[in-house]
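Keep in mind the model is a prediction, meaning the values are calculated, not measured. Residue numbers start at 1 and run along the sequence shown. These values consider heavy atoms only, across backbone and side chains, with no hydrogens, waters or symmetry-generated copies.
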Amino acid sequence: MTGTFESRTITVRIGRPADVVYNFASDPENFPKWASGLAKSLTKTNGEWVAETPQGPMTVRFTGQNRFGVLDHYVIPQSGPGIYIPMRVIANGDGSEVIFTLFRRPEMSAEKFLEDAAWVNRDLNALKDLLEA
């Protein structure tokens with residue numbers, strides 16, 4: 001990514017300890033349970049995670065397990081540049097905050113950016129619902 005892009009930070013508070021949230025959210029096999037914006041399915045093929053998306057298969061590269069709550073990942077289409085997704089889980093008392101930064105890519109309309117932000121918000125709330133159930 002070069003240049004400066006408009007961004008929006010989307011946060012959801014989850015009433016579960018940060019380590020519980022991180023352990024669940026950092027497991028790629030759990031992504032289809034809550035991250036509908038990424039894919040309905042995510043499988044490991046030849047050592048790489050592949051998401052089936054409406055735009056076709058995309059490779060997803062996840063940050064390795066770490067003690068800092070970093071959940072960054074890259075979504076890489078078959079053609080074109082990868083999309084960087086910065087994401088964190090941080091402790092907030094007995095609960096946690098999940099923080100997702102959405103960048104508006106140069107080809108993205110303002111309307112699409114707002115739609116994507118709403119989708120991310122729904123996905124983060126799906127994560128919250130799963131973990132608080």
What about [X] and [Y], same hydrophobic cluster or not, with Ile/Leu/Val/Met/Phe/Trp/Tyr joined at side-chain heavy-atom distances under 4.5 Å?
| X | Y | answer |
| --- | --- | --- |
| Ile76 | Val50 | no |
| Leu114 | Ile85 | no |
| Ile83 | Phe113 | yes |

If every non-hydrogen atom of [X] is compared with every non-hydrogen atom of [Y], which pair is closest and at what distance?
| X | Y | result |
| --- | --- | --- |
| Asn23 | Ser26 | O-OG, 3.4 Å |
| Gly82 | Pro77 | CA-CD, 4.2 Å |
| Phe103 | Pro86 | CE1-CG, 3.7 Å |

Under a 4.5 Å cut-off applied to non-hydrogen side-chain atoms, are [X] and [Y] in contact?
| X | Y | result |
| --- | --- | --- |
| Phe62 | Leu42 | yes |
| Thr101 | Tyr84 | no |
| Arg88 | Asp72 | yes |
| Met87 | Leu124 | yes |

Side chains of residues 30-39: which donor-acceptor partners sit under 3.5 Å, not counting sequence neighbours?
{"from": "Asn30", "atom 1": "OD1", "to": "Lys33", "atom 2": "NZ", "distance (Å)": "3.0"}
{"from": "Asn30", "atom 1": "ND2", "to": "Phe24", "atom 2": "O", "distance (Å)": "3.0"}
{"from": "Ser36", "atom 1": "OG", "to": "Trp119", "atom 2": "NE1", "distance (Å)": "2.7"}
{"from": "Ser36", "atom 1": "OG", "to": "Asp123", "atom 2": "OD1", "distance (Å)": "2.7"}

Please tabulate, for the side chains in residues 8-21, all donor-acceptor contacts under 3.5 angstrom to protein atoms that are two or more places apart in sequence or on a different chain.
{"from": "Arg13", "atom 1": "NE", "to": "Glu97", "atom 2": "OE2", "distance (Å)": "2.6"}
{"from": "Arg13", "atom 1": "NH2", "to": "Glu97", "atom 2": "OE2", "distance (Å)": "3.1"}
{"from": "Arg16", "atom 1": "NH1", "to": "Leu131", "atom 2": "O", "distance (Å)": "3.1"}

Original post:
Hey, what do you get for CG (Asp27) to CD (Gln65), rounding to the nearest 0.5 Å?
Top reply: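 So the gap between those two atoms works out to 8.0 Å.
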**OP:** Look up atom CE in Met58 and atom CD in Gln78, then write down how far apart they are to the nearest 0.5 Å.
**Re:**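 Nearest 0.5 Å value for the CE-CD distance: 8.5 Å.
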Original post:
For Asn66 and Tyr22, what are the C-alpha separation, side-chain angles and deciding distance, and is it a side chain to side chain contact (heavy atoms under 4.5 Å, CB included)?
Top reply: CA-CA 9 Å; Asn66 62 83; Tyr22 177 80; 3.2 Å; yes
Just list the side-chain donor-acceptor pairs under 3.5 Å for residues 104-112, sequence neighbours left out, or say none.
{"from": "Arg104", "atom 1": "NE", "to": "Met108", "atom 2": "O", "distance (Å)": "2.9"}
{"from": "Arg104", "atom 1": "NH1", "to": "Glu6", "atom 2": "OE1", "distance (Å)": "3.1"}
{"from": "Arg104", "atom 1": "NH2", "to": "Met108", "atom 2": "O", "distance (Å)": "3.2"}
{"from": "Arg105", "atom 1": "NE", "to": "Glu107", "atom 2": "OE2", "distance (Å)": "2.9"}
{"from": "Ser109", "atom 1": "OG", "to": "Lys112", "atom 2": "N", "distance (Å)": "3.0"}
{"from": "Lys112", "atom 1": "NZ", "to": "Asp116", "atom 2": "OD1", "distance (Å)": "2.8"}

Original post:
Passes side chain to side chain contact (heavy atoms under 4.5 Å, CB included), Glu29 versus Trp49? Steps please.
Top reply: CA-CA 9 Å; Glu29 291 181 352; Trp49 289 100; 3.6 Å; yes
